Amino acid sequence: MISFYNSPMLRLLLLLTLLLPLSSRAALEIEIVGGAAQQIPIAVAPFAQSATLPESVTMVISADLRRSGMFRLLETRGVANIPHELDEVKYPEWASLQAQALVIGKVEPVAGGRLKVSFRLLDVFKQSQLAGLEYDIAPSQLRQTAHRIADVIYEKLTGEPGVFATRITYVNKTGKRYTLVVADADGHNPQTILSSTEPIISPAWSPDGTRIAYVSFEKKKPVIYVQSLVSGQRYVLANFKGNNSAPAWSPDGKRLAIVLTHGANSRLYLINHDGTGLQPLTQGNAIDTEPYWSPDGKWIYFTSDRGGSPQIYRISPLGGEARRVTFEGSYNVSPRVSPDGRLLAFIRREGGKFQVAVQELASNQVQILSDYGQDESPSFAPNSRLIIFATNINNRGILAVVSSDGRVKQRLSEAGDVREPSWGPAVN
Amino acid sequence: MSKRLIGCVFLAVTLAACSSKQVKEEPKAAVEDKSPTVAAPTKVEPTPEAPPAATTAPVTEQAATINPLKDPNNILSKRSIYFDFDKDEVKSEYLPLIEAHAKYLNANPNAKVTLQGNADERGSREYNLSLGQRRSVSVKKAMNVLGVGDKQIETVSYGEEKPQCTEKTEACWAQNRRVDIVYDGE
């Protein structure tokens, strides 16, 4: 659904707080496999900017919009005079290109070695402005600013928030080395936050995006750590007898649901974010694992084989009876609730294939979204529209993205085996 | 390699330093924009393992008697018990193997084993971690029934993280659905 509406010119002054490297590198290579049925035709007029700047704002915005599968990017090379200001725009020229929307803008140097980035999003048919913003930034923030502009464009034209300025984390196994990596959602700026010769699994972002909980086998058994992305410091969240695994943050970030395995049985526990106050949540002789909180904090979804085969259940964090949520199929695991609370994504095994499925929680209708066959670890983008997951192509672990309606598909790969993706929250 | 280099360049730009100590002393960045910057990577190196305690007989005598645990003609040299997909029941064909090890453990009360549970790579890593643990406990219980006390048995799960075979075939996956019996000092 396209919703056009006018917004007044805003002035955003972003102070120098966002620290990004001057130039960025894409480790993950992105391949777009499919797109939405109705793509919005849009023209991004090349921004006026100095050729010496490390990033082309036009290219970053265009790549973001194209990757989303929601837009058809129009060729602008045939346009004689590229406009950068509102009074330079000749609407009929863009209308003849079939453009519904037009983006113009420029990057100018300002005092103190800083940059002023301004853009306008225009409705070609109504000949009116949909959005206009100005950013005062350090040169190192140029790429991030371009993502933010793409987010504004995406939201104005689709009615949903964009996720171009968000980040992801994943595990890369290269040879015998495991690294936990944090990167921009487009795969740029990969930063290794942990490097180990033992496995790392189950990274989970804190709701404020400042910390990541994960499971590391460096003590020759699974132990849960929480690491700050700001200071790089970490602490042991849970190292109890047996296996400690599957951390999941509560929406308020104060507690985590975790799994402890003593003997044969895996059970859910709650623990404060500082590692105090451990309390049991489930009992019994079953595997209860992979807890995930609903965004309203009222439910914890989890995988359990208490009924004979692994299925998804939910329980209140206050305790009580667990209720079964998935009914079709003999193997349903890895539940993740969408940030809008509407959908449950999980992995279903059917006919020997492991596939990403989504269940609408209100109607319990299930749709299979992927067809690679060995899919794992789904994770919703903060706008609930995209799901990133791990899969396998040609004997190598890669990441894939699918829209929650199954229409838009992308693949992201890099050298090594990539797995365990988790999409970070929107932090604005 | 280059990833680490990027980390250093990044720090050099922001903090004019590339030492993790300085990073930790730096107050929190990100005031206006809450996107946190990523700090220097934490590197985890394996702690050197203590050399195994000398539990076997002196070398001169060892030559005379073959260690039954290493003798390829002895069932005790067989150490792996295999499982069906998403199952933790010990199949009857492995009972003689478990009985042989139980007998050995009963005869050698100072001997200790770790039962390492594993799963094939398909499906959820966390579920497979629990499944591997349950498989190791299944073997432990079978040994308990045969008189081996808990003091001689440790269980651990590696889930799907330490596959023996890395091809994407059923034959290979079958090899990874496994409990290994590992004696202390091996």
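A, B, ... follow the sequence lines: proteins, then strands. Residue 1 opens every chain. Keep in mind the model is a prediction, meaning the values are calculated, not measured.
- A cation-pi geometry, defined here as NZ or CZ lying under 6.0 Å from the six-membered ring centre and within 45° of its normal, holds between B:R122 and B:W173.
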- Query: Taking it one step at a time, do B:L115 and B:I153 satisfy side chain to side chain contact (heavy atoms under 4.5 Å, CB included)?
  - Reply: CA-CA 7 Å; B:L115 304 174; B:I153 309 173; 3.5 Å; yes
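- The residue among B:D86, B:V156, B:T155 with the most heavy atom pairs within less than 4.5 Å of chain A is B:D86.
- Residue contact with chain B, scored on non-hydrogen atoms closer than 4.5 Å, involves the side chain of A:P222 exclusively.
- With a 4.5 Å cut-off on non-hydrogen atoms, A:I347 does not touch chain B at all.
- If you measure heavy-atom distances from A:R419 to chain B, the contacts under 4.5 Å come from the side chain alone.
- Neither the backbone nor the side chain of B:E154 comes within contact range of chain A; no heavy atoms are under 4.5 Å apart.
- Heavy-atom pairs under 4.5 Å with chain A were tallied for B:E167, B:E121, B:R135; the largest tally goes to B:E121.
- Between B:D120 and B:R177 a salt bridge is recorded (basic side-chain N to carboxylate O distance below 4.0 Å).
- Aromatic ring centres of A:F346 and A:Y301 lie farther apart than the 6.0 Å criterion allows.
- Between chain B and the residues A:P425, A:G424, A:G263, A:A390, the most heavy-atom pairs under 4.5 angstrom are made by A:G263.
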- Check the pair A:V223 / A:E218 against side chain to side chain contact (heavy atoms under 4.5 Å, CB included), numbers first and verdict last. CA-CA 8 Å; A:V223 171; A:E218 66 202 60; over 6 Å; no
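- Against chain A, no residue from residues 99-110 of chain B qualifies, as none has a non-hydrogen atom under 4.5 angstrom away.
- For B:S130, the parts sitting under 4.5 Å from any heavy atom of chain A are the backbone and the side chain alike.
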Solution key, residues 157-166 of chain B side-chain donor-acceptor pairs under 3.5 Å, sequence neighbours excluded:
residue, atom, partner, partner atom, Å
B:S157, OG, B:L129, O, 2.7
B:S157, OG, B:Q133, N, 3.2
B:S157, OG, B:G159, N, 3.1
B:E160, OE1, B:N128, ND2, 2.8
B:E161, OE1, B:R125, NH1, 3.0
B:E161, OE2, B:R125, NH1, 3.2
B:K162, NZ, A:E198, OE1, 2.8

